[in-house]
Amino acid sequence: MQAQLAVASRATPKLFTRVPPPNFSNATHRARCLAQLRSKTNGLEKYIYLNGLKERDPTLFYSLLYDNMREMVPILYTPTVGDACQNYSHIWRRPEGLYISIGDKGRIREVLSTWPHVREGRIAVVTDGSRILGLGDLGANGLPISVGKLDLYIAGAGIRPSSTVPICLDLGTSTQKYLDDPLYIGVRRPRPSAEEMDEFMIEFMAAMKDVFPDLLVQFEDFSTDNAFKYLDMFRNSYRCFNDDIQGTGAVVLSGFLNAARLSSKASGRPLTEQRILFFGAGSAGVGVAKQLLSFFKINGLSEEDATKQIWTVDSKGLITADRKGLQEHKKFFARTDYEGPPLTNLIDIINYVQPTALLGLSTMRNAFTKDVVDAMAAHNPRPIIFPLSNPVSLCEVDYEDAVEWTNGEVIFASGSPYTPFERNAKTFEPGQGNNMYIFPGIGLGTLLSKSSRVTDTMVEQASIALAQSLNEDEKEKELVYPRLNRIRDISAKIALAVVRAAQAASVDGSPALRHVADNALLEYIKEQMWHPNGPKSRF
Ligand SMILES: NC(=O)C1=CN([C@@H]2O[C@H](COP(=O)(O)OP(=O)(O)OC[C@H]3O[C@@H](n4cnc5c(N)ncnc54)[C@H](OP(=O)(O)O)[C@@H]3O)[C@@H](O)[C@H]2O)C=CC1
Ligand SMILES: CC(=O)C(=O)O
Ligand SMILES: [Mg+2]
């Protein structure tokens, strides 16, 4: 790209001042860009730098991202993307996605048609900014979450950049700070009524299908009630899924399949006796709890018996069926067998439930105190503790603390990344239980199979494929997720499982792939991936 630029500009005298120096080389320039990135001491500055690099030289940007996932993903994605969203109106430089505003109601199709790569559109990540990570309602500042997720599709599954469509629905915000900010980038109004929003969403989805006929829609970071509502409303008529409910469910099921094996080996308890306590019962907590039913079903329990192995906690304590005014999404796991005064203290709840696993999706920083972790360790030789809230500033417990407090026995995965560390001459390597491991493969498999829907079995099979993707070294080190630098290989395996599940459910639209053997199909999937410096992919 740089070399092509140089040739073009040497031939154009008026651009002469923009010719790179004569000894310019791509390799040196890559090193220069990494050095410039590393010279920034603040996460947000690094984000701004990378964003500028993406605009100046997208090929170089994606090539660097592809080769430096462990360093760059925490900047473009959680945790730093959280800072970028919170400050987006102030750091904004250029348009990088589509804003569809509530004022566009009645002409959404027209607005969507302004996207420059309409015919290439394959995957859209759509947020309404109402629950960005655990940071609350950020309104139109939520766009970087769509951009960041799509960068992971590009780097992690080889989707061509011009096939990705980042969208933020600009519907107002309930956060006064943004409404008062003179630089706020969105419309200054409260969020619409449920009725107005439903009308908007119905028009939006119909217009999306019209304008982008081959598109997969990933709903992202909608507030919990709307996340469940629109998934239910659209999943049977459009090619779509909800990342926070289904993607998170799949990624946690996958890590749990590996974690439970380690925990049961240490305790001698059968897998079916795993007892899971969810701290947080929003879209993510309940989405994961529903997906974890599969764990018990795979191990031979009925759905009814599987449900009995799961307990949920919200801000009011253990969720029981006798609670007045319980929100719809909490009813499925509300316990009918608890008798006694409401249980509101987490340690009391742990002592009552005696869970083998404690999963945090609560946005409550440091909620898993030493006493909480001690209570888990008292019941389990190897407790499973997954603090999954994002970003790190909302994580329920830090990795080093969890390791220290359990004398190294914890089986751990967090939503945002932690770095490995040494303790008593042993290296401790954390897992990252984040939907970023799963949605690229789900998207790739859905597109390749030309599926009309994303079914529950496609999501479940994606999860099992991820769990099975650990290599020998990762198994020996007792990791519960594979290392991120293998993401393309992993996405290909997930995509294969998704294609097969789509075929089994007869929602696929690529009949020729039905007759291709697994090994050949895996190779085919890898060949379809876009590489920054390689031939064009089909997406
Ligand atoms: N690792 C990953 O891949 C993913 C992580 N997440 C993270 O999960 C978190 C939650 O997301 P989401 O479910 O959509 O958010 P919600 O706001 O819908 O849910 C938060 C839940 O936590 C509960 N909660 C809040 N405070 C407390 C408390 N003090 N004690 C116990 N429970 C409490 C809430 O209770 P109540 O219902 O009573 O308000 C609610 O049930 C976010 O930080 C998000 O980043 C989300 C998706 C993917
Ligand atoms: C990871 C993610 O999707 C979230 O925290 O919302
Ligand atoms: Mg999300």
Side-chain angles (χ1 to χ4, degrees), residues 73-74 77-79 81-82 85 125-138 142 144-146 148-149 152 218-228 231 241-256 277-291 311-319 323 325-331 333-334 342-347 349 358-369 372 386-396 413-417 430-439 463 466 481:
V73 169
Y77 187 54
T78 183
V81 75
C85 288
V125 174
V126 179
T127 186
D128 73 344
S130 55
R131 192 288 273 145
I132 294 294
L133 305 176
L135 301 169
D137 181 354
L138 306 190
I145 205 75
S146 298
K149 295 263 178 188
L152 288 169
Q218 170 168 327
F219 292 116
E220 190 67 47
D221 290 5
F222 279 66
S223 60
T224 286
D225 287 348
N226 284 337
F228 283 111
L231 178 61
F241 72 104
N242 181 294
D243 184 38
D244 299 292
I245 298 171
Q246 296 166 288
T248 315
V251 85
V252 179
L253 168 62
S254 172
F256 191 79
L277 180 59
F278 281 87
F279 187 70
S283 59
V286 172
V288 174
K290 288 231 165 113
Q291 194 64 67
W311 288 258
T312 51
V313 174
D314 65 6
S315 62
K316 299 191 181 72
L318 183 70
I319 301 180
R323 249 214 235 153
L326 202 55
Q327 286 158 283
E328 203 50 44
H329 67 272
K330 294 180 183 168
K331 289 184 179 163
F333 289 105
L343 275 180
T344 54
N345 176 287
L346 182 55
I347 295 171
I349 296 172
L358 175 63
L359 274 53
L361 291 142
S362 67
T363 74
M364 285 294 114
R365 175 67 176 154
N366 290 337
F368 299 169
T369 58
V372 167
F386 285 5
L388 297 165
S389 291
N390 296 316
V392 177
S393 59
L394 300 177
C395 181
E396 287 85 356
S414 54
S416 294
Q432 191 177 353
N434 191 297
N435 47 36
M436 70 177 178
Y437 271 110
I438 210 98
F439 63 73
S463 172
L466 174 61
Y481 291 104

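All heavy atoms count here, side chains included; hydrogens, waters and symmetry mates do not. Read the numbers this way: they start at 1 and go in the same order the structure lists the ligands and their atoms.
The nearest protein atom to atom 5 (O) of ligand 2, hydrogens excluded, is given as Asn390 ND2, 2.8 Å; this is a heavy-atom distance. Nearest to atom 1 (N) of ligand 1 among the protein's heavy atoms is Gly433 O, 2.9 Å. Closest to atom 32 (N) of ligand 1 among all protein heavy atoms lies Asp314 C, 3.2 Å.
Ranked by closest heavy atom to atom 4 (C) of ligand 2, the top entry among Val81, Leu135, Val125, Leu133 is Leu133. In this comparison of Ala250, Gly249, Ser315, the heavy atom closest to atom 38 (O) of ligand 1 sits on Ser315.
Atom 45 (O) of ligand 1 is flagged as protein-proximal [any protein heavy atom, distance under 4.0 Å].
Of the charged side-chain nitrogens involved, at least one lies within less than 4.0 Å of a carboxylate oxygen, so that Asp314 and Arg323 count as a salt-bridged pair.
Ligand 1 lies out of reach of Val251, whose nearest heavy atom is not under 4.0 Å from it. Heavy-atom separations between Lys330 and ligand 1 include at least one value shorter than 4.0 Å. At least one heavy atom of Glu220 sits under 4.0 Å from some atom of ligand 2. A heavy-atom separation below 4.0 Å is not found between Leu394 and ligand 1.
By the 3.5 Å distance cut-off applied to N or O atoms, Asp221 is counted among the residues near ligand 2. Distances between N or O atoms of Arg131 and those of ligand 2 include at least one value under 3.5 Å.
Here Asp244 has side-chain heavy atoms under 4.0 Å from ligand 2, and that is the only part of it that gets that close.
Around the Mg ion (ligand 3), protein atoms of type N, O or S found under 2.8 Å number 3.
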